[in-house]
Every structure is written in C-alpha cells, then in structure tokens.
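Just so we're on the same page: letters track the sequence lines, and every chain starts at 1.
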Amino acid sequence: MPGSSQARLDALFHALSDASRRRMIDQLSQGPASVSDLARPLKLAMPSVVKHLAVLERGGLVNSEKTGRVRTFRLIPGALAQVEAWAAERERTWRQRFDRLEAFLAATGEDGREGDA
Amino acid sequence: MNAVPALSEAHTSFRIDRKLPALPARVFAAWSRAEAKQAWFSCHDDWRNAGYALDFRVGGSEYNEVRDRDGVAHVFRAHFLDIVPDRRIVYAYELLLGERRISVSLVTVAFQPDAGGTLMSFTEQVVFLDGHADDGERREGTEVGLDRLAAWLGAPPAD
C-alpha cells in the first residue's frame, strides 16, 4: 500500500465512517460472505453494496477472492492494523531523527563549518 | 492484537517531507559524514552505543549498533546503492533485534533547494519479517490507539 500512513489512516477512517459499512464489517467478523450475503440484511441494491465493499477494501479492512462466479469477502484480521502500527512507529522514529537533524543544522550555521552542536 | 504467524512478510511504505534550514550541500553532509550523522541519528539517549561505522560510497555500508536497557542489541546495517552528491541517496538497510532480522527496507532520500533551505523527501519501502517489529515502549501509544479501534470494530454497529 503506497502513500503516507496519514493517507492510509484517512482511507481507513473513511471506510469506518458509514453505518452500512460498519454493519458489513460486523457481519464479516462472523465469517466470509458473498456480495449477496452482505446485501440481504442491509436491504441495499447490489451496486451500492459493491461500492461500499470497494471503500472497505481501500481502507485495508477487507479483501476478496473469486471462486467461479462468486466473490467472497473476508475481514482482514489484525494483521493489517499491526502493519500500520509498525509503519507508524517506524515513521515516528524517523520524524524524531529529522527533528534532531533540523536542530543540528540550525546549530551548526550556514557557513559550512560545524559548530558546537 | 491477533497472533502473528511464525513466518510472515508484510510490505508497506511511507514518505516524510521535511523543510530544513540549510542548503542541500549541508543537509547532504549531515547524511554523508560520520560525525554529523551520529549527531542526529541516534534516538535513545539512554541506550549504549556499541559500534558505528560509515563508508559513504556506492557499494559502501553503514553500521550502527546500540544496546537497550535490557542489553539487547539493535543493529542497523545499510548498503549504499545510489549517491548523487547534494541531490539523492538510495540505500537498503536491515534492522536486527538480537539475532532476529525484523525488517529490510529500501530508502530514497532526495534533496531539493528551496528558498535558501532544502526540501528533503524521505521514502521508505519496508518489509516487516516474521511479525517482529521495532522494540520499545514508544510502541505502546500506537498499540493502545489500535486496541481502541479494534474494540470499536468489535462493538455492535451504531445505528
């Protein structure tokens, strides 16, 4: 998944911002389901359900697999959230380093010589 | 958090853009000279430095080893793949926690002059190996947040 962790979190929270999508997540937490399985309790038209599922996929919450004519969706277990956590932690480490880099550059001046940093 | 399989590879990437108060030549020097690099690279003041070496050239490497408060070695080992003075550095690096290789990354750092300073962009493409991640209590903040999110996801949907 390319992009900043901020963009990924935006996609995740957007995915979670809709009641129908949260119901789909709730249903998928009971086990994999097809598009029609997911449409039934929501009383939504199939195209609408497909759109919601695309948002959930972009948010990194579900993935799908096609067997014959049926596409089955499943909730991605904690794995994705965990990768996000690792990436966020790694990113934070670098941001802290760059704070120090910025302070180092400010302390050493622009004349090319290194100061007392 | 769910258990992580014994053998796994999880890929992701992130980018950090930073405006710095120095011309590209000085920013580049902060990456390419051992003394300058050490001044900002180390994150934990309370961890013991156990070795540093920098051979800054294409084909060269960088090595940094620190011991945390439990005495566990955290090893950073990089290999420089592309260097354009004052403009770009591309390197691969691995992180080892004790004996375990926890991640391998490809990093691209680019420097652009910008109004008397430098726009630095840092992109890391990383594969986290076997469910290991950077150690340290700083992770807790993120994990608490994600646990809350997970709890919320597990709760009945709001109407």
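- Note that CD of A:Glu102 and CH2 of B:Trp40 are 12.0 Å apart. Values are rounded to the nearest 0.5 Å.
- B:Tyr63 and B:Ile102 fall into different hydrophobic clusters, where Ile, Leu, Val, Met, Phe, Trp and Tyr residues are linked whenever their side-chain heavy atoms come under 4.5 Å apart, directly or through other members.
- If you take CZ on B:Arg18 and CG on A:Leu101, they are separated by 8.0 Å, rounding to the nearest 0.5 Å.
- When the salt bridge (charged side-chain N to carboxylate O under 4.0 Å, His left out) test is applied to B:Glu9, no partner is found at least two apart in sequence or on another chain.
- Residue A:Phe98 is grouped with residue B:Ile89 when hydrophobic side chains (ILVMFWY) are merged at heavy-atom distances under 4.5 angstrom, including chains of intermediate members.
- Under a hydrophobic clustering in which Ile, Leu, Val, Met, Phe, Trp and Tyr are joined whenever their side-chain heavy atoms come within less than 4.5 Å, directly or via other members, A:Leu42 and A:Met46 fall into the same cluster.
- Ring planes of B:Phe122 and A:Trp94: tilted class, angle from 30 to 60°.
- A:Val55 and A:Leu61 end up in different hydrophobic clusters when Ile, Leu, Val, Met, Phe, Trp and Tyr side chains are linked at under 4.5 Å.
- Proximity of a side-chain donor or acceptor of A:Arg97 to a complementary backbone N or O of B:Ser42 within less than 3.5 Å is not detected.
- Atom CZ of residue A:Phe104 and atom CG of residue B:Leu20 lie 12.0 Å apart, to the nearest 0.5 angstrom.
- Both B:Val109 and B:Leu95 belong to a common hydrophobic cluster when Ile, Leu, Val, Met, Phe, Trp and Tyr are linked at side-chain heavy-atom distances under 4.5 angstrom.
- Contact of B:Thr123 with chain A is not made at all, since no heavy-atom distance falls under 4.5 Å.
- Summarising the local packing, NZ of B:Lys19 is surrounded by more than 12 heavy atoms from other residues, nucleotides or ligands at distances under 6.0 Å.
- To the nearest 0.5 Å, atoms CZ (B:Arg26) and OG1 (A:Thr108) are separated by 3.5 Å.
- Within the 4.5 Å cutoff, the side chain of B:Phe128 has heavy atoms near those of the A:Arg90 side chain.
- Heavy atoms closer than 4.5 Å to chain B are found in both the backbone and the side chain of A:Arg95.
- With a 4.5 angstrom heavy-atom cutoff, B:Gln125 does not touch chain A via any of its atoms.
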